[in-house]
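Numbering of ligands and ligand atoms starts at 1, following listing order.
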Amino acid sequence: MTHKTVASVEHAPPAHWVGDGFHVRPLFAGKAFTPAVSPFLMLDYAAPVNFPPRPGNPPGVGPHPHRGFETVTIVYQGEIEHRDSAGHSGKIGAGDVQWMTAARGVVHDEFHSKEQSAKGGLVSMVQLWVNLPAKDKMSNPRYQTLLAADIPTVALGEDGTLRVIAGEFAGHKGPAMTFSPVSVWDVRLNGGGATEIPFARGHRSMIPVLDGEVRIGGRSFKAGDVVFLSEDGDAVALEATREAKLLVLTGEPINEPIAHYGPFVMNTQAELRQAVEDFRAGRMGDLAA
Ligand code: MN
């Protein structure tokens, strides 16, 4: 195996609020919605925030649309509840993942669950946007609830664990169905832990550091850094100087134009105008009151 090297690094700007429920740092920073992160688009990380109890009035984000991509929510702490105009609804807690394919369009909301908000407490999560190939952008919305129990956890020797949400690692296949080849791995490294992670060739690969500190190629990276790896090489050597929480994201780049406006990601400006028009005309549906 030859090691990938560090090609570039993004440092996330400070956190901002999404609605009143999610205090997120946009980890891809200046590379969000560019070919550099393809097939991904954007990555928001909400580090743990302790919310006071708010019975009957859960924090979150009210109804809003999406078209042309998928939203992947990984919950680390707390419980999140959502509903969408395709009739899906559900709750996900620590370790669970919601993989929502907006495709031709949904309207949804995202809140702390009623129970979570009644008792208050820590909420931490990630939301990753995964682009769809042009041919799938107008397909039917789909919703996958991936419960922690269905996500394989692979031991990295004595040095940590890797949860396979999507893609395949060491013979373990993640439960997520995807439209293009994508790997999403949730990795914990113990302090002092060192490991080598093999990758599929031809994939773009990046390592967002969510907590702690890791060393790659003799350099140190901390929470809020996203390490973009070189195209060459088929493995990365990771060392945690202290306990670390990270993601490993890899995927085959989608080499198609990216047109982005707010919650819509299409290929052309005309398709974005159509998305706005379809949303306004109620063609992405509505949430029952
Ligand atoms: Mn949303």
Side-chain angles (χ1 to χ4, degrees), residues 12 15-28 32-33 37 39-47 49 51 58-76 78-93 96-114 116-117 123-132 136-146 165-166 176 178-179 182 184 208 247 249 258-266 271-272 275-276 278-280 282-289:
H16 64 268
W17 284 96
V18 174
D20 60 0
F22 308 103
H23 194 234
V24 305
R25 294 180 79 184
L27 297 192
F28 287 162
F33 303 99
V37 297
F40 308 105
L41 294 164
M42 181 233 57
L43 177 66
D44 272 349
Y45 173 52
V49 168
F51 287 81
V61 198
H64 59 278
H66 293 294
R67 171 179 281 180
F69 61 99
E70 303 183 290
T71 68
V72 178
T73 307
I74 306 170
V75 180
Y76 293 108
E79 192 178 57
I80 294 171
E81 199 166 3
H82 76 99
R83 357 170 249 160
D84 71 37
S85 54
H88 306 119
S89 65
K91 266 185 240 185
I92 47 171
D96 300 337
V97 176
Q98 180 208 93
W99 197 295
M100 186 191 80
T101 307
R104 69 178 148 74
V106 296
V107 172
H108 77 158
D109 60 19
E110 301 162 88
F111 285 100
H112 297 195
S113 72
K114 283 178 197 69
Q116 175 70 36
S117 125
V123 172
S124 174
M125 47 80 82
V126 143
Q127 191 166 90
L128 171 71
W129 290 12
V130 182
N131 207 358
L132 288 171
D136 299 314
K137 281 184 179 289
M138 294 300 279
S139 60
N140 290 333
R142 181 168 79 182
Y143 174 77
Q144 302 174 66
T145 302
L146 313 174
I165 296 167
T178 65
F179 286 80
V182 165
V184 176
L247 287 170
L249 306 177
I258 299 166
H260 168 224
Y261 176 71
F264 308 126
V265 182
M266 303 300 290
E271 289 167 346
L272 288 180
V276 172
D278 287 350
F279 168 58
R280 288 189 183 147
R283 286 190 285 265
M284 293 184 191
D286 216 335
L287 289 178

Looking at His64, the N, O or S atom sitting nearest the Mn ion (ligand 1) is NE2
Of all heavy-atom pairs linking Pro58 and Phe111, the shortest is O-CD2, 3.4 Å
Check: His108 ring centre within less than 6.0 Å of Tyr143 ring centre | no
Next on the checklist: Centroid separation under 6.0 Å, is that true for the rings of Phe22 and His112?
Outcome noted: yes
For Gly93 and Val75, the nearest pair of non-hydrogen atoms, with its separation, is O-CB, 3.4 Å
Taking the Mn ion (ligand 1) as the apex, OE2 on Glu110 and NE2 on His66 give an angle, to 10°, of 180°
Looking at His108, the N, O or S atom sitting nearest the Mn ion (ligand 1) is NE2
